[in-house]
Each structure stands twice: as structure tokens, then as C-alpha cells.
Amino acid sequence: MANQKDDDQKKGGLTRRELFRSLGGGALVGGLVPAGALFRTLAPPPAGVQVLGPGKVTITLRVNGTDKKLEVEPRTTLLTALREDLDLTGSKLVCDRGSCGACTVHLDGQPVCACMLLAVDAQGRAITTIEGLARGEELAPIQQAFVDYDALQCGFCTPGMIMSCAALLLHNASPTLDDVKHAVAGNLCRCGTYPKVFEATLAAAKKGGHARG
Amino acid sequence: MNRFEYVIPKSVDQVVALLKGGAVLKAGGIDLLDQMKEGTIAPTRLINLNALAALRYVRTDATGLRLGPTATLAQIAADGAVRGRYAALAEAAASAANPQIRNLATVGGNLCQRPRCWYFRAAEFPCLKKGGPTCFAKEGENKYHAIFGGGPSYIVHPSTMATALCAFRANLHILGPGGKTREVPLDKFFTLPTIDAYERENVLAADELITEIALPAPPEGTRSAFLAAKERQVHDWPLGEVAVFLTMRGETCQAAQVVLGAVAPIPWRAAGAEAALAGKRVTADVAAAAGRAAVAGAKPLHGNGYKVALMQALVARAVHVAAARRS
Amino acid sequence: MARKVRTTVGYDGHFKDLEVDIPEGEPAPWDARSALTLVSQRVPRVDAVLKVTGRAKYTYDVHPPGMLYAKILGSPHPCAKITKLDLSKARALPGVKAVWSEKVGKKLLFQGQEVAAVAAVSLDVAEDALKLVAVEYEKRPFVNDLEKARKPDAPQVFDSGPVPPPRRVPSGAEVTHAGNVRTIVATQPPGVDIGKALAQAEVLVEGTYRTQVQTHSALETHGTVAKWEGDHLTLWSSTQGTFATRDQIAEALHLPKDRVRVLCDFMGGGFGAKLNAGPYSVIAARLARDARAPVKLMLDRKEEHLATGNRPDSAQWLKLGAKRDGTLVGLHLKSYGTPGVGTGAGVSGPARAIYKIPALRTEESDVFTNAGEARPFRAPGHPQGCFALEQAMDELAEKLGMDPLALRKKNLKNPVQVAEVERGAALCQAWRGRGRPGAAKGVVRRGVGVACGVWYHNVNPATQVQIDIHNDGRVEVKNGAQDIGTGTRTFMAQVAAEEMGIPLDLVTVRMGDTSLPIGPGSGGSCTTPSIAPTVRAAAYQARLKMVGVAAKLLKAAPDELEISGGRIHAISDMARSITWKQVAARIPGDKVSVLASRAAEYQVFQEQVGGVQFAEVEVDTETGQVRVRKVTAIQDCGRPLNRLTAESQVNGGVIQGVSYALFENRQLDRTSGRMCNPNLEAYKICGANDCPDIEGVLVDVSNAGNNAGVSGIGEPTTVPTSAAIANAIYNAIGVRMRELPITPDRVLAALHKGGGR
């Protein structure tokens with residue numbers, strides 16, 4: 001949870017208020033952080049606590065059933081780690097704030113937005129991405145239903161949309177239309193695939209998508 | 001996002017010590033990462049509160065309901081006991097954000113999140129809440145801003161959980177330096193934007209940690225409901241929301257707690273509505289009177305007058321829904 | 001050899017013969033009598049498996065070895081001059097490989113305009129580096145409000161530098177420019193006196209309507225990956241115009257066209273915003289050249305909202321007159337809209353195209369403002385124009401005491417659309433059972449409304465398709481344009497396989513590559529009508545060559561043979577046959593190769609496509625919330641090539657229309673001029689629970705004009721939706737909503753003011 005006191009007030013000798021005041025005349029410096037203030041060193045933490053970073057640390061992620069070792073900074077999101085380090089580019093970045101669901105992956109079977117989750121925090125969890133749904137060339141029922149019902153257009157929201165629907169089917173063998181709508185309430189599609197997403201998911205459930213999503 | 005050190009604590013005391021050293025708490029991280037991605041804050045040491053697994057729980061016992069600060073919204077929304085005896089809380093938890101976020105976001109984080117005001121969230125606006133000189137909402141685009149308790153900042157408190165938890169008279173257990181603990185009733189936790197508190201929304205000190213959210217056991221005959229009005233029926237911040245907690249004897253309301261959300265810089269206790277309900281049989285007229293009383297004294301800005309009518313209706317409906325429920 | 005052919009044209013029981021002139025090398029048009037087995041069926045996309053498995057590679061997913069990540073620093077001000085710029089600290093940050101910037105002294109005209117950029121080993125490092133770019137700005141007066149910008153003393157957006165030329169000026173129109181306002185005045189017929197015409201009206205309605213700025217908000221942001229090999233530049237670009245991008249980049253970098261190759265295999269949505277290369281592509285190419293490494297530059301969501309296009313807002317005043325019997329006599333339309341620093345705020349399309357209006361005067365103004373440029377957006381001008389015109393038609397019908405459909409049917413230009421109106425009315429139970437406006441009772445009131453829309457039959461003649469039949473029997477169909485998600489790749493395979501009489505799985509489609517034959521930019525719904533007939537022409541010619549080879553093998557004359565089910569056989573004797581693969585094996589050389597060009601359009605039955613939509617809404621009169629429960633959408637597009645994907649286009653148009661009607665609004669801060677909601681949280685697009693039930697009906701029109709009889713369907717389906725919703729709300733509550741988006745605050749205000757009925 002967020003700490004209430006904005007601990008970041010003092011930067012390079014300027015308080016935030018002073019900083020803003022200095023910008024009042026129309027000058028603006030880069031991204032609003034004074035030059036040279038990219039990293040402020042704090043006093044060392046108490047003994048006995050583990051400190052990761054700020055540089056790269058080695059982590060292990062269990063992705064689609066396989067352990068993957070990689071080196072990331074603590075600030076690296078799970079989405080970036082999957083895409084840039086593991087070359088799993090099915091999950092997309094769209095809003096970068098958890099509003100759109102294009103980066104949806106499963107964490108221990110639950111859908112989460114990988115853009116708002118640090119990669120280091122995903123250690124020890126079972127991560128499933130869109131690349132992990134099919135068995136070889138055999139599509140999962142939900143994937144096949146998306147193909148059959150044309151539940152995709154440009155396809156950019158599709159991996160996230162499928163992961164939300166697959167999570168629904170994992171937990172609910174016979175969802176209603178309303179269940180499907182609520183399951184994808186965090187997934188935005190700009191092309192307008194929703195009606196066919198609903199059809200496809202209900203059809204996949206009927207065909208026994210429960211077992212595999 | 002800026003670079004940071006990520007600290008894995010082993011105990012709450014370590015957490016407090018780290019906070020004292022200038023580190024920032026991270027649980028679900030939804031609100032914190034949002035601010036860091038916007039570049040409005042750049043903390044260089046984060047504490048991974050999720051590492052303390054013992055803080056993630058939803059428990060009911062004779063005294064009531066106990067929530068660990070890192071219990072997720074999804075966990076709370078799905079909990080059978082919560083759904084049964086604290087319906088408004090389960091409904092609030094299910095109403096917030098979207099399924100993906102509810103699986104990560106925590107109740108403690110939800111209570112402590114910073115405003116969602118679009119001026120606050122953008123680095124280009126040096127607003128009052130960020131230590132700047134002005135609340136841009138007052139003269140600017142304030143459709144989503146406060147109709148109660150505003151000035152000099154007009155943010156609305158974004159915590160949906162707070163709206164419901166206040167109605168249930170939740171208490172916060174807070175741990176500070178030296179093992180010192182204190183209890184704060186939730187309705188005393190949040191602060192209006194007064195001169196010494198522009199940059200905060202509550203009384204939590206920088207070196208304090210919420211360790212538990214405790215709700216008293218609802219007496220027999222109590223019923224609750226939560227309603228939110230949104231522009232979209234998917235992930236959207238509410239235009240207004242209300243939690244109603246009624247103590248009923250038969251059809252008569254003995255006591256009521258009515259808390260409004262997304263209309264004031266703090267969860268807004270609608271004392272007038274509570275008075276309008278106390279001792280009354282809950283008829284449509286009484287519910288409507290509660291709605292009217294709830295919005296008495298509202299001071300809308302140029303762009304949010306609609307919230308008055310909206311909240312009036314929403315309160316009346318929530319009262320009606322709660323009263324119609326079997327406890 | 002060119003020849004004359006009789007073909008059947010028409011729709012839905014209304015057919016006739018039409019003699020058309022078929023150009024050389026072209027097959028006769030498929031018409032209502034053609035029995036087709038792949039085309040006009042429901043065919044899952046040929047690339048669907050790649051999309052559902054996450055294997056489809058978008059520009060955003062391309063990652064050549066050694067690739068760097070770039071990020072742009074945009075102007076934080078709506079109008080400012082760069083007075084100081086220091087890149088040294090950014091350049092010195094470890095991991096930064098190249099920097100780019102505007103020059104000191106440059107005047108920036110909108111928030112988000114490019115100031116500087118860096119390429120670095122990771123996106124995080126690139127972001128760190130941008131924080132170290134020191135820029136000082138001198139803020140200049142700005143204007144970003146429609147009304148304020150029109151005032152003579154408003155800050156002049158283009159006080160120096162060129163003004164963007166208008167996109168389209170009707171012939172005979174007058175163009176004037178004063179201050180920030182450029183006005184195009186046109187009359188139809190030329191010189192008609194609208195005052196006199198409207199004086200003949202027995203009933204008049206007059207009103208002002210407003211619409212908001214809508215951003216395209218494609219899920220994949222604009223972006224490019226640039227890679228140099230010597231002086232050859234390869235760009236992967238998220239684009240609706242591979243060839244336009246190539247040409248513009250070649251010009252900007254002074255490269256011959258053959259040194260630039262643009263690739264776009266998969267593309268995450270465009271809706272009109274991605275027709276051109278964009279500054280980011282040039283910046284990416286420059287950074288890549290300086291860094292001597294490939295560079296990826298994807299815009300972030302904020303930049304996407306600020307700097308990559310939008311549908312302009314509008315304030316429209318209409319005066320519409322009719323005779324007592326409902327015959328329209330004239331329309332006077334004045335409109336203003338802010339295209340930012342771009343152009344294209346006109347809204348007169350519907351006024352010109354839907355109804356027979358004997359006298360029309362339009363005065364349309366672009367009002368320049370300090371905001372990102374407008375760009376074409378799914379049926380430019382039409383949703384805005386329809387929102388006003390189709391409400392005015394309802395108001396006129398009410399004043400005339402006429403049924404709104406009867407008024408429309410009396411004045412529609414296109415007989416197909418008259419039939420569509422009838423079909424919709426028959427399908428929409430709510431329409432038949434509707435009450436009088438405002439007669440609904442209760443807190444939540446239901447209503448139903450209707451609106452018509454049209455779109456044009458656009459073709460880009462610069463379209464060529466190559467078909468290679470390899471000696472193993474496999475067929476490649478090639479065009480360098482892009483599939484933006486509409487299903488272009490799929491219909492190309494369908495059309496080729498249908499024409500050649502072979503199974504779909506023998507065909508591979510290659511597109512999204514400027515080293516392939518030229519194809520259209522995906523604008524104006526022209527992609528399908530440009531490419532499909534060209535594919536068919538190429539397949540027809542390739543088939544003739546295959547038949548020629550087979551004829552020798554079967555010792556028959558070519559015109560005695562036909563192909564079906566993957567076999568080439570004598571028409572008179574099915575047993576005298578040979579398989580496609582056997583013939584392919586005997587191809588001289590290793591393949592048959594045909595390059596066909598898009599033939600000119602010939603005689604058509606209807607010049608335009610049309611549609612009608614019925615919207616059913618629920619209005620909560622206490623909270624102001626509007627839910628669209630159902631939309632019945634009737635639409636024609638000539639011959640639908642793939643009913644499955646065409647349905648998706650109908651759904652998509654309707655849903656974007658709902659989104660436009662109820663949710664979307666680019667909110668600019670009145671004080672600072674900055675955008676308040678440059679994200680996908682406060683800029684609200686329609687989600688799953690907001691999506692109505694949609695009953696889409698495609699009316700097949702046998703239209704001739706080209707060998708496939710096709711028109712586009714991408715744009716028209718979003719045109720009437722917002723107007724139909726507004727009319728439905730009026731039906732529900734008896735109060736007219738004249739401003740978009742129709743949000744709870746506005747509904748409550750309107751109810752309060754209008755008192756309901």
C-alpha cells in the first residue's frame with residue numbers, strides 16, 4: 001500500500017514546492033525531475049533485510065510450466081520481463097496502467113495485469129501466458145472458439161481477452177453470459193469484438209473448456 | 001519508472017524501521033506504480049509488504065471481521081462470511097477497478113491510495129496535493145470532483161473500500177516506531193485538505209503501518225448495501241457511491257450508517273440521512289427523504305452539480321436495497 | 001479483349017439485367033446468380049491461429065538483434081518556443097546510444113509535439129535519459145476552445161508557417177480564411193439561393209448540435225522499428241499505409257524509394273490515424289542511423305492521445321425545410337469544428353449524400369487550435385453530420401406529424417436503403433411497439449430510435465496483385481498493403497481459391513511489405529474494393545495459364561476445360577481430368593506468375609452503400625445513466641466476401657458508435673490547455689458490459705462495377721449509431737440530447753431543464 005507521506009519531497013536540495021515554483025516562469029526541465037536526481041541514496045537499511053537492486057538481480061520465473069532464469073532490475077515489470085527477456089510477445093502493452101487488460105496473464109490461475117506487477121514479485125508463482133495455452137499445435141478450446149466465432153479483429157487485445165476468458169473457464173464450468181461479461185470487464189477492445197467474445201466463450205464452455213481454459 | 005531498491009522485510013518491525021529510513025511501502029503496487037510511471041513520485045526504496053504473508057488474511061470470529069492489510073480485493077469480494085454478513089463490503093470490493101486489478105490490489109493499499117484527480121496524476125500540473133500552489137480543479141475541469149468538504153483542494157477520496165468500511169465502523173490497527181500501536185476508527189483516519197495536510201489524505205505517519213482492519217460483528221437484524229454509479233459499467237471510477245448499514249427491527253430502522261464515496265476528499269458520513277432513517281419504518285418516502293437529507297449542504301463546483309441529484313437517488317436506492325434484504 | 005456482358009444487378013427480390021463493359025483480362029462480374037463456395041461464406045480468418053496463440057508479430061513485437069529502444073519527449077505546453085535545450089546529460093547516461101532534438105527557437109504548436117528523443121539499451125534507460133534532457137520554453141498564448149478560437153482577437157495558431165490545406169473542396173466552393181477560421185461555402189445545385197428555397201418550405205426545423213473530439217485509441221500505438229543495412233532502410237511500422245509510409249520516409253530522408261522497405265505483418269488497429277509515416281518514423285530512422293543499430297520507437301498511450309490524430313469536434317446549425325407531405329425542399333448547414341493544427345472538420349457528407357435535397361447550402365469551418373491534428377477517423381465527418389441531420393429529420397417528422405421512417409423513405413436517394421429501412425422496422429420489435437416521445441413512465445425509461453447513414457464506394461486504382469502458382473501446386477497471392485484487422489488476408493485467399501477452383505489451404509497470402517505489388521492505404525473503406533477485384537483478375541489470368549498447360553496434357557482446347565475441387569476437367573466429361581498438382585508439376589519453369597492491375601470501375605447499380613440502425617435504450621432518469629440495450633443494424637456493402645468477418649465489421653462500427661455517443665471525450669483543461677485524460681482510464685472507450693446486443697443484417701447487393709461486386713464496410717456501420725441513440729433517448733424521455741457524449745451529467749441537466757414530458 002502507498003505510504004502517505006510523499007517521501008520524495010527533497011530532491012537535489014529542492015523541495016517539491018520549490019521545484020514547482022522554479023518552473024513557474026514557463027521553464028520546464030525534462031520530465032520534471034531535476035537533472036542528476038535520478039537516484040537518491042538513502043541510509044542503509046536495517047541489518048537482516050534483503051535488498052534487491054537497484055541494479056539487476058537474478059530471478060527465476062516459472063512460466064508456462066518451465067523455470068526461466070533471468071536478470072532484471074527491480075523496476076522491471078512482469079510484462080517487460082516476459083516480452084523482452086523471455087521473448088514471449090503475445091502479452092501486449094496498451095494502457096500501461098492496468099486499465100485495459102491487454103497484458104493479462106495468469107498468476108496461480110488468476111488473471112492479473114502484467115504491466116502493474118513487478119517481475120521480482122512473480123517469483124514462486126505459476127505464470128501462464130497466452131503462449132502456454134495450446135498444447136503444441138492443438139489449441140485450447142477457448143482459442144479454437146475464438147477462431148471459429150471470429151472473436152478477434154486486429155488481434156491486439158486478443159491474447160489478454162483469451163486469458164481472461166480462460167481464467168473464467170478454469171473456475172466456472174458453465175458460465176452465464178453475465179459471467180463472461182464480468183470476466184472481461186477489465187479487457188478493452190477497440191475493434192468491437194465483444195459480442196463474438198461472448199459467443200466464443202459460451203461455446204468453449206459447452207465444449208468442455210473448463211479443464212483447460 | 002525510476003530505479004529503486006526493493007527491500008524484502010521479515011517482520012513488521014523491520015517495515016517500520018525501513019519506513020523511518022525513508023522507504024515507501026508497496027503491497028499490490030497498483031497505485032504506487034501508477035504514480036511512478038507518471039513520474040509524479042520517484043521513491044528510491046520500496047518495501048515489499050507482500051513478503052509478509054501473515055498480513056494477508058480475511059478472518060471472522062466472535063468479535064467480528066478482521067482483514068489483514070494485504071488481503072486482496074478479490075479475496076474479500078469472494079469470502080463467504082463477508083458476502084453474508086458484510087454484504088456492502090463484498091459489493092464494494094467487487095465494484096472497484098477490474099478483475100485483474102482486484103487480484104493484485106490490497107485493502108490497505110486501497111485505503112491509502114492517493115487521489116485519482118487528473119491534475120494530481122499528471123506531472124505537468126503542480127497541484128496543491130503534490131506540493132504546488134493551486135488546486136486546478138476549482139476553476140478547471142471538475143466534473144469528477146468534490147461536492148462536499150472541498151477547498152482548498154477538491155479531490156474526491158478514491159477508496160471504494162473506505163466507503164463501505166466506514167459504514168461498518170471499521171477500526172485500523174496501526175504500528176509505529178518502537179513497537180507502539182494505536183487504534184484509529186476509520187472515520188477518524190481520513191483528513192480534509194487543511195493547510196498542514198494538503199499533501200496527505202489521512203493521519204498515517206510516514207513511519208507507520210496499518211496492521212489490521214477490524215470490523216465489529218454486526219448485531220442481529222443488520223443489513224447493508226453498496227451502490228456505485230459509473231459512466232461505464234466496466235472498469236471506471238464512480239461518479240458517486242454509497243454504503244448503507246441499517247440496524248432493523250422488523251420493518252423499522254433503529255439506526256443507520258450512511259457513507260458517501262467519490263463526493264468528498266474523505267469518505268463522507270451522511271449524518272442527515274442517518275437521522276432521517278433512525279426510528280422510521282423504511283418506506284419509499286423515508287428512503288427518498290434520506291436521499292434528500294444526504295445531499296443537503298452540498299456545494300457543487302461549476303462542473304459537478306449533477307452529483308447532487310445523482311447521490312440523492314443513489315442513497316434512496318441503497319437504503320431501499322438494504323432494507324429489503326434479509327439479514 | 002474488352003467485351004460487353006449482361007449481368008444481374010439488384011437486391012432482395014429487386015433484380016434486373018445490366019449491360020456492362022468488361023475491360024481486357026477481366027472475368028465477368030460475380031452477380032446474384034453466381035454459385036460461389038468460398039466467397040460470401042463464413043470463413044474463419046486464415047491468420048486467426050497466429051492471433052489466438054500470441055504468435056502474430058506486430059510492429060510492437062519485432063525485435064531485430066541489437067535493437068535499441070527509443071522514446072520521445074513531447075512538449076508539455078500547448079504553445080511554446082524552445083529557448084534552451086541541453087542534451088549533454090542525457091547523451092552521457094550509460095546505455096544511451098543516440099539522441100535527436102528539435103532546434104532551439106522552434107515554435108511548438110500543441111502539447112505532445114516532438115521536442116527530443118533518445119535511443120538506449122532499454123526503455124527504462126531511455127526514460128531515465130529523457131529526464132535528463134534540459135529544456136526551457138517560452139510559453140506563448142494558446143487557444144484550444146472552439147468558441148474562443150473563432151474570436152478575432154484570439155491567439156493565431158498559424159501566425160507563422162504554412163496552414164494545412166483543406167482536405168476536400170467541392171467544385172465551385174468558395175474558400176475564405178480569417179484569423180483561425182477557414183470556411184468552405186458550397187451550394188448544391190451550384191448557385192442555389194437557400195433563402196429562397198427554404199421560403200418555399202411549409203414546415204421548418206432549426207437547431208444546433210455539438211459533438212466532441214474523439215481520439216482513435218487503437219490498442220497498438222503508432223510506432224516503428226527502423227533498421228539500416230548500408231544505405232537500405234527497413235521499417236516495420238504499425239501503419240494503414242505501407243506504401244505512403246515508404247514514399248514519405250524516402251522523401252524525408254532523401255532516399256530513393258527502392259532503398260526503403262516498409263513491413264507491416266500484423267497491425268493493432270488504426271481507424272484512420274495511421275495513414276501516414278508520422279514524425280516518429282523519421283525520428284526512429286535518424287536515431288537508428290546515428291546509433292548504427294536497429295531502433296524501436298513505439299509511442300506511449302499519452303502521446304497516442306495527444307499527437308496522432310482525432311475526430312474533430314463540431315458545432316452545427318441546421319435549418320431544414322419540407323413540404324407538408326414530407327418532401328424536403330432545402331437544408332442550410334453551418335458548422336465549426338477544431339481540427340487542432342490539422343484540417344478536416346467538415347461535416348456535410350451526410351447532408352450531401354443521404355437524401356434528395358433540392359437545395360443545399362453548406363458553410364463549414366475549420367477552426368484551428370493549439371491541439372494535436374485531426375486525422376481521418378472511421379467515416380470522417382459522417383458520425384458528426386448524422387448526429388445533427390438525423391435528429392433534425394426526427395424533429396421534422398414530429399412537426400409534420402409523420403412517421404420518422406415514412407419521412408426518410410420519401411426522401412432517401414438509394415432504393416436499397418429504403419428496403420433496409422423496411423427490413424429493420426420489421427426486425428425491430430421495439431420499434432413497432434414504441435410509444436410517443438416521453439410517454440414512458442417510471443424511473444428507468446425505454447426508448448427506441450432510428451437513423452440512416454451512407455458511405456461511398458471508394459477505390460484506389462494503384463493496386464496490383466501478383467499470383468505465383470508453384471510447381472508443387474501451392475499458390476501465393478501477393479499485395480503489399482496491410483491487413484489492419486478487417487480480414488483482408490482472408491478474403492484474398494478466398495477470392496483466389498474460388499476463382500481458381502482450388503481448396504483454400506493451397507493458398508498463402510503475403511502482404512504488408514512494400515517489396516510486394518502496390519496496394520492501397522486502408523482509408524475510405526477502399527481496401528476491399530481495391531484489392532478483391534485485383535486478386536480475382538490475377539487469379540483469373542493465372543487460371544487461364546493453368547488451363548493452357550492442362551489443355552496440352554488432356555489434349556483438349558482450353559475453352560473445353562474448367563477447374564473445380566482442385567481438378568481440371570473437361571466441361572463435357574468430368575472423368576477426363578487431371579489434378580491441379582499434376583498440372584502444376586508440368587508448369588514450364590518453376591511457376592506460373594501473373595501480375596494484374598486494378599481495372600477501372602464500370603457500370604454499377606448503386607454508387608453508394610447505405611445502412612440504417614435502430615437503437616433501443618434505457619435511461620435512468622434519476623442518475624442520468626443511459627444503457628444501450630440493443631442495436632439492429634442493417635447494412636449493405638455490395639457483395640460481402642466473408643460473412644463472418646463482415647459481421648465483425650458491423651459489430652465494430654456499432655460499438656465504436658455507442659462509445660462515441662456515450663463515453664468518449666478528449667477533455668482539454670481550459671486553463672493550461674493540456675489534455676486531462678490522456679490514458680485509457682479517464683478517456684473512456686466502450687467495455688464489455690456497455691456493449692449492446694447487436695443484430696447485424698447484411699443486405700447483399702449485386703452491384704457490378706467490378707468483377708467481385710464489392711464495396712467496403714469498415715466505415716459506414718459507425719455512422720448512424722450516435723444519432724439513433726440520441727433519437728432513442730428522445731423517445732424515452734421526451735428531451736432532446738443535442739450534445740455528445742450523452743453522459744449522466746448532461747442527461748440530468750437536460751431532464752432538469754426540459755422537465756421531461
Side-chain angles (χ1 to χ4, degrees), chain A residues 1-9 11 15-17 19-21 23-24 28 31-33 37-46 48-55 57 73-75 77 96-99 101 104 107 110-113 116-118 120-121 164 167 182-188, chain B residues 1-10 14 17-19 21-25 27-34 37 39 41-46 48-50 69 74 97-101 103-104 106 108-109 111-114 123 126 130-133 199-202 204-206 210 234-235:
Chain A
M1 61 190 152
N3 193 343
Q4 282 314 290
K5 274 284 170 76
D6 187 344
D7 101 298
D8 195 41
Q9 279 191 40
K11 282 190 194 130
T15 66
R16 216 167 240 291
R17 206 178 295 276
L19 166 62
F20 286 132
R21 212 165 283 141
L23 303 176
L28 200 65
L32 277 177
V33 178
L38 281 182
F39 192 80
R40 184 168 58 102
T41 309
L42 298 174
V49 298
Q50 188 191 356
V51 181
L52 307 177
V57 294
E73 292 181 342
R75 65 170 159 175
T77 62
D96 200 17
R97 296 293 187 279
S99 319
T104 303
L107 207 59
Q110 299 293 345
V112 298
C113 35
M116 297 303 278
L117 180 66
L118 299 178
V120 292
D121 283 345
S164 284
H182 282 99
V184 295
N187 293 79
L188 293 176
Chain B
M1 254 193 298
N2 60 289
R3 301 173 84 211
F4 56 83
E5 294 172 347
Y6 200 45
V7 187
I8 319 295
K10 293 202 179 75
Q14 278 184 351
L18 284 159
L19 288 172
V24 168
L25 274 184
I30 302 296
D31 181 54
L32 185 69
L33 297 197
D34 187 275
K37 285 181 176 202
I41 58 170
T44 49
R45 183 178 293 157
L46 303 189
N48 179 12
L49 196 61
N50 281 344
N98 64 39
Q100 292 92 324
I101 288 179
N103 281 327
L104 295 174
T106 66
L111 292 176
C112 292
Q113 65 187 308
R114 304 290 327 263
K130 295 202 289 277
E199 294 171 55
R200 54 156 66 194
E201 289 79 43
N202 57 51
L204 194 71
I210 297 173
V234 295
H235 182 157

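Below, read A as the first sequence line, B as the second, and so on, with proteins coming before strands; counting in each chain starts at 1.
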Just to verify, what does A:Arg75 make a side chain to side chain donor-acceptor pair (under 3.5 Å) with, not counting sequence neighbours?
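Testing A:Arg75 for side chain to side chain donor-acceptor pair (under 3.5 Å), a comparison that skips the adjacent residues, returns A:Glu73, C:Asp128.
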Is there side-chain contact between A:Leu117 and B:Leu104, with heavy atoms separated by less than 4.5 Å?
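Side-chain contact under 4.5 Å: yes.
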Side chain to side chain contact (heavy atoms under 4.5 Å, CB included) partners of A:Asp96, counting only residues at least two apart:
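Partners of A:Asp96 under the side chain to side chain contact (heavy atoms under 4.5 Å, CB included) test: A:Leu93, A:Cys115, B:Lys37.
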Which one wins on heavy-atom pair count under 4.5 Å against chain B: [options]?
options: A:Gly53, A:Ser164, A:Gly55; answer: A:Gly53
options: A:Leu107, A:Thr104, A:Val112, A:Val120; answer: A:Val112
options: A:Gly101, A:Pro46, A:Ser99; answer: A:Ser99

Using non-hydrogen atoms and a 4.5 Å limit, figure out which bit of B:Asn50 sits close to chain A: side chain, backbone, both or neither.
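Interface part for B:Asn50: neither.
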Working to the nearest 0.5 angstrom, can you tell me the gap between A:Thr77 OG1 and B:Leu33 CG?
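With rounding to 0.5 Å, OG1 (A:Thr77) is 9.0 Å from CG (B:Leu33).
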State the CZ-CG distance between A:Arg97 and B:Asp34, to the nearest 0.5 angstrom.
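The CG atom of B:Asp34 is 5.5 Å from CZ of A:Arg97, to the nearest 0.5 Å.
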Closest heavy-atom pair and its distance - [X], [Y]:
X: A:Cys113; Y: B:Ile101; value: SG-CG1, 3.9 Å
X: A:Pro74; Y: B:Tyr6; value: CB-CB, 3.8 Å
X: B:Glu5; Y: A:Pro54; value: CG-CD, 3.7 Å
X: B:Arg45; Y: A:Pro45; value: NH2-CD, 3.6 Å
X: A:Gly186; Y: B:Pro99; value: N-CD, 3.8 Å
X: A:Val49; Y: B:Ile8; value: CB-O, 3.9 Å

Donor-acceptor pair, side chain of B:Asn103 and main chain of A:Pro111, under 3.5 angstrom:
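Yes, B:Asn103 side chain to A:Pro111 backbone: donor-acceptor pair under 3.5 Å.
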Contacting moiety of A:Val57, where chain B heavy atoms sit under 4.5 Å
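Nothing of A:Val57, per the 4.5 Å heavy-atom cut-off to chain B.
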